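This report concerns only the one structure given below.
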Protein chains: 2
Amino acid sequence: MRPTRRRDVPTRAPQAGIKTGPDRPATKKRTIAAPDDDVGLDGLAGHVGYAVRRFQLWIFQDFIKTLAAVDITPTQYSVLTVVAANPGLTQMAVAKRLGIERARLVHLLDALEQRNLVKRAASKTDRRSHSLHLTAAGEASLRQFKLLAAEHERHVIDKIGKDNRDRLLEILAPFR
Amino acid sequence: MRPTRRRDVPTRAPQAGIKTGPDRPATKKRTIAAPDDDVGLDGLAGHVGYAVRRFQLWIFQDFIKTLAAVDITPTQYSVLTVVAANPGLTQMAVAKRLGIERARLVHLLDALEQRNLVKRAASKTDRRSHSLHLTAAGEASLRQFKLLAAEHERHVIDKIGKDNRDRLLEILAPFR
DNA sequence: GGTGACTGTTGTCGACGACAACAATTGTTG
DNA sequence: CAACAATTGTTGTCGTCGACAACAGTCACC
């Protein structure tokens, strides 16, 4: 029998008639260098969203891999960068600027504060809010992070070309 | 007192010296049309990854909103499109083609099968695998989905321009 | 004929966005 | 000045998602 529970799918007959295709192996091992990628995307190829999703996946993976040694994610990097560029900013302001939820930013800052990269100070003008700053260690670390981020950016250029990369930045600028 | 538990943050003194900024209201209501967006991004502006993330977020939101009436997500749409274009495909093949995990695809297909859009048939050549097909209802539905997806694509064009959109597709083509 | 690889499935983990609720605080308004 | 709405940081929950691990059935190959 099959894996014990197969859902209540009727398991209907194989339904002859529709060309099933050779159930291609899809593995590189058996068929040495099979034309594995002849699966059509049909209309999907004309959708920007799909292309962007794949690209974003690739770019985040590369960023994480490149900054793995310092254990910094893209989101953490963006928070550090914005706080560094605008010392004293409120959590709300940072969240709104980066399109992160207030609630989410709390945890992000918790982690960054535990690593002594950021500190929350009481705002002098509004006792509800915190003013955010990098610690000395944070400033130093960020300099190193930026070097690695630049290396990641070079990977992007190697992948799509400098001209295309510049064009991307230009096209996507309106989204901040 | 503050919200009961405020983390073990030392709550150190306000740390005078650093320009705190007016803790700007960040609300359109109080300050009519405040220059709310003068928070610098610093180096972040030069990173493709950040721009792509924001863009991807926007595009997915619009897709979901545009296809809300038929309750189809971008991922579901991609699965339907690929299965429609390649009838009889294996789950593995679909997963690999779309960059989805096998495990994830199981749930996606469960949902689509419950809605009678897709059916899993036993493969005639490999009893381990399923050959995927659209149902008649699935074919009909997909035609409608494609109309809505085209409308979403027009939104994209309205946002970034047709030339930029074409350029995007071109640049991101290598990512499939 | 037995061993190793592959498929579909289930489950778990962590990251993440969307929300809702809440205490503390602020600003406004009657 | 007191009442009230709005804001800020925080906690918690829910559903989605990618990454893994494990497992039963099946297949390929020596």
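Please read all numbers here as calculations on a predicted model, not as lab measurements. Protein chains get the first letters and strands the later ones, always in sequence-line order, with residue 1 at the start of each.
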message: Restricting to salt bridge (charged side-chain N to carboxylate O under 4.0 Å, His left out), what partner residues turn up for A/Arg115, sequence neighbours left out?
response: A/Asp71
- line: To the nearest angstrom, the CG-P distance between A/Asp71 and C/dG14 comes to 15 Å
Atom-pair distance (NE2 on B/His107; C1' on D/dG15), nearest Å: 13 Å
d(CD1, A/Ile64; P, D/dG18) in whole Å: 13 Å
field: Rounded distance (Å) that lies between atom P of D/dC27 and atom NE2 of B/His130
entry: 12 Å
- prompt: Want to settle it: does A/Arg53 or A/Ala103 sit nearer the 5' end of DNA chain D, counting the closest nucleotide to each?
  reply: A/Ala103
message: Side-chain N or O of B/Arg120 versus OP1/OP2 of C/dT7: is the shortest distance under 4.0 Å?
response: no
query: Within this structure, what is the CG-to-C1' distance between A/Leu108 and C/dG14, rounded to whole angstrom?
result: 14 Å
query: Is a side-chain N or O of B/Ser123 found less than 3.5 angstrom from the main chain of B/Thr125, in a donor-acceptor match?
result: yes
- request: Answer yes or no: does a side-chain N or O of A/Gln61 lie under 4.0 Å from OP1 or OP2 of D/dG18?
  value: no
message: Without decimals, in angstroms, what is the distance between A/Arg97 CZ and D/dT8 C1'?
response: 20 Å
- prompt: Charged N to carboxylate O under 4.0 angstrom, B/Lys119 versus B/Glu113?
  reply: no
- request: Select base, sugar-phosphate, or nothing to describe what A/Glu101 touches, counting heavy atoms under 4.0 Å on all strands.
  value: base
task: Can you sort out the partners of A/Phe145 under ring-ring contact (aromatic ring centres under 6.0 Å, His included), two or more places apart, ordered by chain and number?
output: none
- prompt: Taking for each residue the nucleotide of DNA chain C with the nearest heavy atom, is it A/Arg102 or A/Gly99 whose nucleotide lies nearer the 5' end?
  reply: A/Gly99
query: If each of A/Leu57 and A/Leu109 is mapped to the nucleotide of DNA chain D with the nearest heavy atom, which maps nearer the 5' terminus, i.e. the 5' end?
result: A/Leu109
query: Is the shortest side-chain N to carboxylate O distance from A/Arg154 to A/Asp158 below 4.0 Å?
result: no
Proximity to the side chain of B/Thr90 - top-ranked nucleotide from C/dG8, D/dT26, D/dT8: C/dG8
- prompt: Can you find a donor-acceptor N/O pair under 3.5 angstrom joining the side chain of B/Arg128 to the base of D/dC27?
  reply: no
task: Round to a whole Å and report the spacing from CG of A/Asp126 to P of D/dA6.
output: 17 Å
- prompt: In whole Å, what is the span from the OH atom of A/Tyr77 to the P atom of C/dA15?
  reply: 21 Å
